[in-house]
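The shown structure was predicted, so the numbers you read here are calculated from the model rather than taken from an experiment.
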Amino acid sequence: MTRPPMSVQLYTVRDHLEADAAGTIEALAAMGFTAVEPFGLPDLPTAVREALAAHGLATPTAHGSILARTAETITAAAELGVQTIIEPYQDPARFADRESIAAVAAELTAAAEAAAVHGIVVGYHNHGFELSSAVDGVPALLVLAELTDPRVVFELDAYWAAVGGVDPVEIAKTLGDRLIALHVKDGDPAGTIEQQVPAGLGSVPLAEVLVAAPHARPVVEFDIIPGEGLDAIAASARWVTEQVSA
């Protein structure tokens with residue numbers, strides 16, 4: 001299976017987009033990105049939509065409120081040409097036990113059924129708590145995968161998985177073909193988001209995760225961009241390109 005083109009999560013440049021949407025999207029396109037991952041669907045600002053259209057950037061995946069605002073989010077995704085809507089966050093308390101996880105799984109499955117009518121897939125994105133929390137020794141994220149319909153897919157944030165105390169390589173292998181995207185984010189899992197660094201310069205085993213999921217789309221992301229301007233994004237993009245073309 002061929003790996004899809006690299007993308008970038010627009011949450012990374014949220015402040016830049018607010019200040020200058022057109023200029024920010026132009027800068028990402030100049031780095032060689034042909035795809036981006038919007039966030040906040042269905043409320044993506046018009047200025048961002050227009051800038052994406054002006055530069056011909058695809059939106060194969062997007063983060064959105066697929067559980068809380070299912071119909072609106074599906075409509076917004078269809079208008080953007082999004083192929084996979086990813087639920088980006090649920091309350092950590094919902095991953096405390098099997099019963100709570102099953103409720104999340106049921107909601108994702110129902111959303112997947114609704115989205116499938118429009119040819120759209122539904123996925124879930126992790127933070128650290130879905131890995132640090134476990135049921136009978138199994139990380140909650142993998143319990144969620146077990147309990148959801150196989151049509152529900154996953155986007156693994158390798159940095160947050162490491163923060164959660166697990167090996168993201170093993171999680172990637174376990175999720176297998178249901179892992180359709182990877183947030184490529186680096187730093188020190190024992191540190192803070194302010195200490196994140198360009199891909200390849202931290203201690204998250206990103207190269208190994210990419211090897212473990214050769215079919216998954218790499219999505220460059222920072223919670224807080226290090227340094228000045230957008231140089232760290234460009235550095236991560238170069239690193240990803242070197243890894244996937246090696």
Query raised in the report: Any chance the side chains of Arg151 and Thr109 put a donor and an acceptor closer than 3.5 Å?
Result: no

Query raised in the report: Does Ala96 offer a backbone N or O that forms a donor-acceptor pair with the side chain of Ser100 under 3.5 Å?
Result: no

Query raised in the report: Transitively linked via ILVMFWY side-chain contacts under 4.5 Å: Tyr11 with Leu80?
Result: yes

Requested in this report: Can you run down the ring-ring contact (aromatic ring centres under 6.0 Å, His included) pairs that involve residues 51-88, sequence neighbours left out, and say none if there aren't any?
Outcome: His63-His125, His63-His183

Report task. Applying side chain to side chain contact (heavy atoms under 4.5 Å, CB included), run through Leu144 and Phe154 and close with a yes or a no. Result -> CA-CA 10 Å; Leu144 180 68; Phe154 291 84; 3.9 Å; yes

Query raised in the report: Is a donor on one side and an acceptor on the other found under 3.5 Å between the side chain of Arg3 and the backbone of Arg217?
Result: no

Query raised in the report: Under a 4.5 Å side-chain heavy-atom rule over Ile, Leu, Val, Met, Phe, Trp and Tyr, are Val13 and Val240 clustered together?
Result: yes

**Report entry** Val122 with Val153, same ILVMFWY side-chain cluster at under 4.5 Å
**Finding:** no

Query - Side chains of Ile180 and Thr84 in contact at under 4.5 Å (non-hydrogen atoms) - result: yes

Query raised in the report: So, the side chain of Thr12 versus the backbone of Phe222: is there a donor-acceptor pair under 3.5 Å, distance only?
Result: yes

Query raised in the report: Do NZ/NE/NH1/NH2 and the carboxylate oxygens of Arg69 and Asp43 come within less than 4.0 Å?
Result: yes

Query raised in the report: Rounded to the nearest 0.5 Å, how far apart are CG of Leu52 and CD of Glu50?
Result: 10.0 Å

Query raised in the report: Are any non-hydrogen side-chain atoms of Ile171 and Leu141 less than 4.5 angstrom apart?
Result: yes

Query raised in the report: Hey, is Lys173 close enough to Glu208 for a salt bridge, meaning N to O under 4.0 Å?
Result: no

**Report entry** Distance (rounded to the nearest 0.5 Å) between Thr73 OG1 and Leu44 CG
**Finding:** 11.5 Å

Requested in this report: Carefully, step by step, assess Val152 and Arg178 under the rule side chain to side chain contact (heavy atoms under 4.5 Å, CB included).
Outcome: CA-CA 7 Å; Val152 175; Arg178 293 177 72 184; 4.0 Å; yes

Query raised in the report: Does Asp157 offer a backbone N or O that forms a donor-acceptor pair with the side chain of Asn126 under 3.5 Å?
Result: yes

Report task. Give a yes or no on whether Val219 and Leu175 share a hydrophobic cluster (residues Ile, Leu, Val, Met, Phe, Trp, Tyr; joining criterion: side-chain heavy atoms under 4.5 Å apart). Result -> no

Query - Exercise: do Tyr124 and Gln90 side chains pair donor with acceptor under 3.5 Å - result: no

Query raised in the report: Step by step, would you call Arg94 with Glu107 a salt bridge (Lys or Arg N to Asp or Glu O under 4.0 Å)?
Result: CA-CA 12 Å; Arg94 304 199 74 191; Glu107 292 173 19; 2.8 Å; yes

Query - Single hit among Glu221, Gln9, Gln196 for side-chain hydrogen bond (donor to acceptor under 3.5 Å, both in side chains) with Lys185 - result: Glu221

Query raised in the report: Taking atom types as modelled and ignoring hydrogens, do the side chains of Ser7 and Glu37 form a donor-acceptor contact shorter than 3.5 angstrom?
Result: no

Query raised in the report: Between Pro92 and Ser133, is any pair of side-chain heavy atoms under 4.5 Å apart?
Result: no

Report task. Look only at the side chain of Glu87 and the backbone of Leu67, and say whether a donor-acceptor pair between them is shorter than 3.5 Å. Result -> yes

Query - Results of side chain to side chain contact (heavy atoms under 4.5 Å, CB included) for Gln243 - residues two or more places apart only - result: Ala207, Leu210, Trp239

Query - Exam field: side chain Glu18 to backbone Asp15, donor-acceptor pair closer than 3.5 Å - result: no

Query raised in the report: If you round to the nearest 0.5 Å, how far is CG of Leu28 from OG1 of Thr34?
Result: 11.5 Å

Requested in this report: Might you confirm whether atom CD of Glu194 has over 12 heavy atoms from other residues, nucleotides or ligands at distances under 6.0 Å?
Outcome: yes

Query raised in the report: Residues two or more places apart in sequence or in another chain: which of them pass side chain to side chain contact (heavy atoms under 4.5 Å, CB included) with Ser132?
Result: Phe129

Query raised in the report: Do Tyr89 and Leu131 sit in the same hydrophobic cluster, where Ile, Leu, Val, Met, Phe, Trp and Tyr count as joined when their side-chain heavy atoms come under 4.5 Å apart?
Result: yes

Query raised in the report: Can any side-chain N or O of Asp20 pair as donor or acceptor with the backbone N or O of Gly23 at less than 3.5 Å?
Result: yes

Report task. Taking Asp186 for its side chain and Gly202 for its backbone only, find out whether a donor-acceptor pair lies under 3.5 Å. Result -> yes

Query raised in the report: Does the distance from a Lys or Arg side-chain N to an Asp or Glu carboxylate O, for Glu146 and Arg98, drop under 4.0 Å?
Result: yes

